[in-house]
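Note sheet for the following structure.
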Amino acid sequence: MLGELIIMLGNIFKKLKKLADGSHSDKNNDYMVEEIPLSTHLTRNMLQLKEIFENCSDVKFREYVISGSKPVKAAIIYVDGLVNTSLISDGALSPLMVDSQWINEVGKLNSYNAYKIVKDRLLTIGEITETNQVNELADQIMAGNTALLLDGSGQALILNAKRWESRAVAEPETETVVRGPRDGFTENISVNTAHIRRRIRTSRLKSEGMKIGALTKTDVLIMYITGIVDDKVVQEVRTRLSRIDTDSILESGYIEEFIEDEPFTPFAQMNVTERPDKVAGGLLEGQVAILVDNTPFVLTVPYTFPQFLGSPEDYYNRYPWATFVRLLRIITLMIAMLGPSVYVAITSFHQEMIPTSLLISIASSREGIPFPAFMEAVLMEATFEILREAGVRLPRPVGPAISFVGALVIGEAAVTAKLVSPIMVVVVALTAIASFTIPSLEGSIAIRLVRFPIIFLAGALGLFGVMVALLAILIHLCALRSFGVPFLSPIAPLSLRDMKDSFVRFPWWAMFTRPRMNRSGEPVRQDFFQKPRTPPPRKTGNGKGGGKDA
Amino acid sequence: MLDQGKISASQLSLLLVTLVGSTAMLFVPAVTAEAAGRDGWMSILFFATFFGLMVSLVCTSLGRRFPSESIVEYSPKVFGAILGHLVILTYIFFFIWTNAIIVGEFADFMTATFLPKTPRLVSALIIVWLASYGVRNGLEVIGRLNQFLFLPLLISYLGLVVFVAYDMDLANLTPILEDGIKPVLKGSLPPSAWRGEIVLMLMLLPNLNQLKKARKASIYAVIFLGIVLTLNTIATVGVFGSELSSHLTFPYFTLADYGQVAVVLERMEALVMLVWVAGLMIKIALFYYCAVLALARWFKLQDYKPMVTPVGIILIAWSSAVYKNSRELVELISKTFPVYAFTFELLIPALLLAVAAVRKKKRRSCK
């Protein structure tokens, strides 16, 4: 019996392995043969390309003739919608068909020298590359470039005239600030790199590109500042990215799950942001940014606790306020994580901790409620999560209806119907609001997720259960690393120097070193003595001290 | 190396403080007051600290003599195969036995105060599970966790002294040395046994990243503990008097009950308990880690993690059999434990050091 089972499992495993191997060899080849050189005959090349792009109605072929002593046949191929057609007609069609008659070499142009003359003297398009491989040509066409083929030449010219419709730069919706720049990343990766480049105008800001995904061939860029970044981290990012072998990358979330340090955790180990200023700030502190095409969400590593609690606005507001807000966020973090569970634990296990008058009011408000506090809390928290999810999912015009129904049903009717106590509503509402003060999206998701097991433990063991849950989470967080940097640094391991930008934010003139945890190559950011000094009072005409100098 | 994790000297220092402090805070005032009466604070401040310093000197000397080796490796080298392995066996026994007592203390404490209707086994199971989670993650993570929790721990230790300062009557401490020095010496036995728990350094030192700083770190920890525990005892005796202190099982906890923060939180003991659970978890995890590592090193395993669950099961089972009731526990920790403690904490390490010095045993590759 057991033996059979083992054999069966073994067979299933073998089949799975075969399946994985099979799909592996399929998906890496778009075309039947790996390397085909281009022919010197245009018609042959055209046939080959037309075979590759069979049934691709959005791929356009345009054949024409270059005027010369001997007319030369030419063709351009592009994908409709990815190409700026007016640029193509001004830069690649018109010069070749019309202007070619007026140049000096008009008498000499024939199919042997056409390629060189066209490339050097006729094409008026900025970015040109060459290839002699059919596959590469097809890849480039798919990426939005335009191919120019000439008869008599085994080389093809690839013209960069990409343009496609994309969303305009808008204020990021997930991370809003009161003070600070309002531009956000878009789905276009070149717009995104421009955002960062405009902020950091040094040649030391490097961006390395690669394509990931056998079918999507998504552009992925690694950005960092040489000297400031720890080279080991960059190398680690490179290796982890190059290890990805998948057919598709549609969003940076795909990449995140492929390259993170610890896969079994609700906590993100990479910072996700759509704010260019946040990415630029991270790069300047020695982080590495990973940009993915087709998504406004950029990843930065290493990710540590201060970023979990920090908003870019903290660096723009005055430092006492920023410090206050950060301390406030620590309190809201505790409320968001522990609010309902502590309420459950105290009301059902440790009533002696509550002052008598408050205890009486809680008891009277709970009179006639059929559920224990634990059930109440779970019900209300679940209801809140349902409402939140509905609010995200619903079409915009219906959104207000949900909030109206939610407020009415949860706030009023449930209390009047004696399903839940009003104090529970207060606790849950406070928790919900508190969970939205955590600036990072991923952070608040993790906190909301761990809240439920804590409520269960609180219902079972009281405050001891809460502590057990907290300790388990803390051990987990202490063990968590983001690209080798401990997640809880600079608190554990403690680094007093890095504490200047953690629970508190020191004024800018005092933050003269970069965070040590990023192991930056250039630890010093700025000159030490930059504290603004009050200038001496301006000497008035009858000043007393004036005479002394003379 | 079985556990690749490294801790810094300051992390070691904080670990040692938590290691001793988390249970000593709870039990030491009572057991000291029983023998030494109102002069208990002297036992703790002078004699126990002296003992702690001795232990720390012996352990760090051994650590320096055999860098990146634990007692499991150098004991057979120094004592020879048979006696050396016997020493290892007894040490593993000592680690697990002490830990079983601690887990038992914890379970009893939970049953007595917070979860009267929950079976004792449940609390033991939960705390050992938490500790095993820590052990699985290695010493580095335990060190970081302790670092993270140290401030709340310290506040709960010292904050209480501040809160009860108003109710403290220092006249309870006089007359000083009424019965001579003898009771003080006798009373210093249990606290010394506690302070000597820093002998775990024998297992922890290989994971220290700067061996040179080990001695300084452990001495700081011993002195800091001396001050904190003395304050704690003075506060307990000052509030309750020496007679009552010796009869309370958990005087520190009663103290927490006594203290009041404004009117908002009336009974602080639940909060103090929470922080104490954290400290205790770290203590259990450290003993647990040492037992697991000693076993794994002894058996020359590639990975220590397979030992975590078996040791945990032994721990839970033993914790429910190691003593019968809380009176026996007090007897155990005030009479029996010191004998074991002196043997394992000072006698054997000192012998090891002496024999190693005589036989001039050193690690070959010691630069």
* Hey, which residues of residues 469-479 of chain A are touching chain B, say heavy atoms under 4.5 Å apart? -> A:L471, A:A472, A:L474, A:I475, A:H476, A:C478, A:A479
* Donor-acceptor pair, side chain of A:R514 and main chain of A:E285, under 3.5 angstrom -> no
* To do: Please list all pairs passing the side chain to side chain donor-acceptor pair (under 3.5 Å) test where one or both residues lie in residues 278-292 of chain B, with sequence neighbours left out.
  => B:D3-B:Y289, B:T23-B:K283, B:E197-B:K283
* Asked: Is the number of heavy atoms from other residues, nucleotides or ligands under 6.0 Å of A:Q235 CD greater than 12?
  -> yes
* Taking the six-membered ring for Trp, are B:F95 and B:F287 parallel (under 30°), tilted (30 to 60°) or perpendicular (over 60°)? -> perpendicular
* Hey, is the main chain of A:F503 close enough, under 3.5 Å, to the side chain of A:R326 for a donor-acceptor pair? -> no
* Heavy-atom distances under 4.5 Å only: say whether A:L461 touches chain B with side chain, backbone, both or neither. => both
* **Polar side-chain atom of A:Q287 near backbone of A:P302 as donor-acceptor pair, under 3.5 Å** => yes
* Quick one: do A:F305 and A:F308 satisfy ring-ring contact (aromatic ring centres under 6.0 Å, His included)? Show the steps, please. => CA-CA 5 Å; A:F305 190 68; A:F308 186 89; 5.8 Å; yes
* B:L149 versus chain A, the contacting section by heavy-atom distance below 4.5 Å -> side chain
* Structure fact -> For residues 493-501 of chain A against chain B, heavy atoms under 4.5 Å, the residues are A:P493, A:L494
* **Atom group of A:L463 that falls short of 4.5 Å from chain B, counting heavy atoms** => both
* Structure fact -> So, the part of B:L115 with a heavy atom under 4.5 Å from chain A: the answer is side chain
* A:S440 side chain to A:G443 main-chain N or O, any donor-acceptor pair under 3.5 Å? -> yes
* To do: Kindly state whether the ring of A:F349 and the ring of A:Y343 have centres lying under 6.0 angstrom apart.
  => no
* To do: Please list, chain by chain and in numerical order, all residues satisfying salt bridge (charged side-chain N to carboxylate O under 4.0 Å, His left out) with B:R215, sequence neighbours excluded.
  => none
* Just checking, is any N or O donor in the side chain of B:S8 or B:N209 under 3.5 Å from an acceptor N or O on the other one? -> no
* Would you mind checking which part of B:L145 comes under 4.5 Å of any heavy atom in chain A, side chain (CB onward), backbone (N, CA, C, O), both or neither? => both
* Taking atom CD of A:E262 as the centre, report whether more than 12 heavy atoms of other residues, nucleotides or ligands fall under 6.0 Å from it. => yes
